[in-house]
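Heads up: the structure comes next, in structure tokens.
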Amino acid sequence: MKDKASQPVIEARGLNLVFQTADGPVQALKDVNLTINQGDFVSFIGPSGCGKTTFLRAIAALEHPTSGTLTVNGMPPDEARRRRAYGYVFQAAGLYPWRTIAGNIRLPLEIMGFSRAEQDERTARVLDLVELTGFGKKFPWQLSGGMQQRASIARALAFDADILLMDEPFGALDEIVRDRLNEEVLKLWARTGKTIGFVTHSIPEAVYLSTKIVVMSPRPGRITDVIDSPLPKERPLDIRDSREFIEIAHRVREGLRAGHHDD
Amino acid sequence: MTALWIAIGIWLAAWALNVWLSASPISQTRLGKLLVPLVFGATVLVLWEGLVRGLGIAPVILPAPSAIAAKIAVSLPILWQDFAQTILKGAIPGFLIGAGAAFLVAIAIDRSPFLQRGLLPIGNFVAALPIVGLAPILVMWFGFDWQSKAAVVVVMVFFPMLVNIVAGLQASERMQRDLMATWGASYVQTLIKLRLPAAMPFVFNGLKIASTLALIGAIVAEFFGSPVYGMGFRISTEVGRLGLDMVWAEIAVAALAGSALYGLVALIERWVTFWHPSQRH
Ligand SMILES: Nc1ncnc2c1ncn2[C@@H]1O[C@H](COP(=O)(O)OP(=O)(O)OP(=O)(O)O)[C@@H](O)[C@H]1O
Ligand SMILES: [Mg+2]
């Protein structure tokens, strides 16, 4: 099913990651093998503590694997980070309270040395993209949680990194807002061709968004199933009632359940 | 005795007035917020005056506020000279130098774990030295004039500032620092755009403590040698001559200067850390 044009962006081979804690070592990732291609939308799903966040953080060079190899665009994650390959959206918005919304979105652009004019232009563009035009001058604490999360997505989009890593970005939002943002993310992905890594606890969300679903299981965290989605790239919300959709969701659920039985 | 009864009467009336003020909607207005402490302060003065007169307390024990005010009125040039010597030349430069030095050392400590292990204990040790032991030594080193007073203030201010700045630099959240890392920010960029702003609530905590210490240090250091002017010098000599009204006049100036310095720091704090939950309105 591989598209000929697509080439590997993220490659993990025999990846292990062990945290040394006061209560002894915790194996967060065990023998993880995964290839993510250019333009893939990959969801990570699995029970709490199975290493989803750790894997995403390792890709962004925020954690360092204990053994195995991990490359991003053919280089080590640290090197890719220096070349500003990532936009990262954390589970909480993590906006800086002393900066306005526009100031927060501008921050990575300031750090990367964009010109003043380009900062303004890009900030306005991504604010519009997440439907926050007119809120640029507000401070984060003056916005609702959902709006703050959208602002943090705008911030990750502002500098046009090729890889967008999102760790349960919509976990705290209500169903309706979540649906809307899911549609927005899909549109954005279709328009920009970015490679997206997306952590979620929701089976429908994973199936709706992804071209590839990675099912993980805990203790030690490992991959139990990788599902390449047969769904078309164009996905209206009501695709969730189709038979194909329900079949994939079923397979994901089975994968999660099997992981649980190994315990 | 009548003076005492009048004073107590006024005190009760003012008390009732304040109770009524804080219960009424006026207390929510800006004026009301100012009025309550003013009425309270005035009451204390009236009661003080009445007690001193009514009980016939000797001026050496406690002069009446009116006597202190009269003394202030006729001694303005001396008070100003003392104020300039002790506050403007001793306390404020010492405060600025001490806080600035603490800032530089805090950055150095932050960069080097080696310094962290070496300098913090030394700072701790210096902070534990009693000022009455330290001041005479610094007067020996830097002479009788304001330089030695500024030096005492530097030593007193340095450590509380250092501890607060070092703690403030750790105050940013992990996620905020991780974000900086994913953008490939350098140490200096992270420092300026994240860690220093996040440190400001701590820094201002330190500055408020330091502003009080600076005043105490500058005045007390003059007890151990000074030119023939300065607030500490005046207090120690006038006590010897039983000129208690002058001592109280200096104390009044010190209290005003202290409140003004503290107020100024608090005002700047409000402006800089407007975003902090404790400052939001
Ligand atoms: N910094 C750390 N130090 C020690 N152990 C850690 C650290 N970060 C994660 N772990 C451990 O690694 C394991 C995987 O954690 P991780 O955060 O990746 O899980 P997750 O799949 O993202 O879970 P959730 O769905 O709850 O977010 C857990 O057992 C966790 O306790
Ligand atoms: Mg997680």
Side-chain angles (χ1 to χ4, degrees), chain A residues 53 56-64 72 77-101 103-114 138-142 148 151-153 155-156 158-161 163-168 197, chain B residues 99 103 106-107 110-111 113 161 164-208 265-281:
Chain A
T53 296
L56 226 58
R57 289 174 61 85
I59 295 174
L62 294 173
E63 305 289 355
H64 293 89
V72 178
D78 276 310
E79 181 65 26
R81 178 171 84 185
R82 270 193 289 283
R83 303 203 181 175
R84 286 147 184 172
Y86 318 101
Y88 203 118
V89 180
F90 292 86
Q91 181 164 8
L95 299 166
Y96 293 7
W98 52 87
R99 284 179 165 250
T100 60
I101 295 299
N104 267 285
I105 294 172
R106 189 188 295 280
L107 183 58
L109 303 175
E110 286 171 14
I111 284 168
M112 296 174 188
F114 286 83
K138 293 261 191 247
F139 283 92
W141 71 83
Q142 298 170 320
Q148 291 181 29
S152 81
I153 293 169
R155 177 178 57 184
F159 50 95
D160 253 332
I163 304 170
L164 195 56
L165 301 171
M166 305 169 99
D167 192 352
E168 296 188 53
Chain B
F103 182 79
I107 301 283
D110 183 62
R111 292 240 64 175
M161 281 310 296
N164 270 287
I165 300 172
V166 168
L169 287 175
Q170 315 297 329
S172 58
E173 289 162 25
R174 173 153 174 235
M175 192 201 302
Q176 295 176 326
R177 289 196 296 274
D178 284 347
L179 275 167
M180 280 289 178
T182 63
W183 301 328
S186 67
Y187 173 82
V188 174
Q189 283 174 324
T190 308
L191 189 67
I192 292 175
K193 308 236 179 216
L194 169 61
R195 298 179 62 212
L196 285 181
M200 282 305 143
F202 286 81
V203 171
F204 276 96
N205 244 341
L207 286 174
K208 284 195 276 190
V265 172
L267 204 70
I268 300 175
E269 174 183 34
R270 219 159 137 163
W271 178 67
V272 172
T273 64
F274 68 93
W275 51 270
H276 195 258
S278 67
Q279 303 283 345
R280 283 180 215 156
H281 297 293

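The model shown is predicted, which means the values in this text are computed figures rather than measured ones. Only this structure's heavy atoms are used, side chains among them; waters, hydrogens and symmetry mates stay out. Quick note on labels: first sequence line is chain A, next is B, and so on, each numbered from 1.
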Checklist entry - By a 4.5 Å heavy-atom criterion (distance strictly below it), what part of B/Q189 contacts chain A: side chain, backbone, both, or neither? => result side chain
Next on the checklist: With salt bridge (Lys or Arg N to Asp or Glu O under 4.0 Å) as the rule and sequence neighbours excluded, what pairs involving residues 194-207 of chain B come up?
Outcome noted: B/D110-B/R195
Next on the checklist: Determine whether a donor-acceptor pair (N or O, by modelled atom type, separation under 3.5 Å) exists between the side chain of A/R81 and the backbone of B/T182.
Outcome noted: no
Checklist outcome for this item: Counting heavy-atom pairs under 4.5 angstrom with chain A, the leader among B/S186, B/A198, B/P277 is B/A198
Checklist entry - Between A/E110, A/R83, A/Q91, which shows the greatest number of heavy-atom pairs under 4.5 Å with chain B? => result A/E110
Item to check | A/I111, part contacting chain B, at a heavy-atom distance under 4.5 Å | outcome: both
Checklist entry - In terms of heavy-atom proximity below 4.5 Å to chain B, should A/L95 be classed as side chain, backbone, both, or neither? => result backbone
Next on the checklist: Is it true that, when you exclude B/E173 itself, more than 12 heavy atoms of the residues, nucleotides or ligands shown sit nearer than 6.0 Å to its CD?
Outcome noted: no
Checklist entry - Picking from A/P108, A/G94, A/P140, A/G87, which has the most non-hydrogen pairs under 4.5 angstrom with chain B? => result A/P108
Checklist entry - Is the NZ atom of A/K138 crowded by more than 12 outside heavy atoms at less than 6.0 Å? => result no
Item to check | Residue among A/Y88, A/Y86, A/W141, A/F90 with most heavy-atom pairs under 4.5 Å to chain B | outcome: A/W141
Checklist entry - Are any side-chain N or O atoms of A/Y96 and backbone N or O atoms of B/Q176, one a donor and one an acceptor, separated by less than 3.5 Å? => result yes
Checklist entry - Do A/W98 and B/L194 have side-chain heavy atoms sitting under 4.5 Å apart? => result yes
Item to check | Engaged part of A/A92 at the chain B interface, taking heavy atoms whose separation is under 4.5 Å | outcome: both
Checklist outcome for this item: Interatomic distance, CH2@B/W183 vs CZ@A/F159, rounded to 0.5 Å, equals 7.0 Å
Next on the checklist: Need one label for A/E63: side chain, backbone, both or neither, based on atoms under 4.5 Å from any heavy atom in chain B.
Outcome noted: side chain
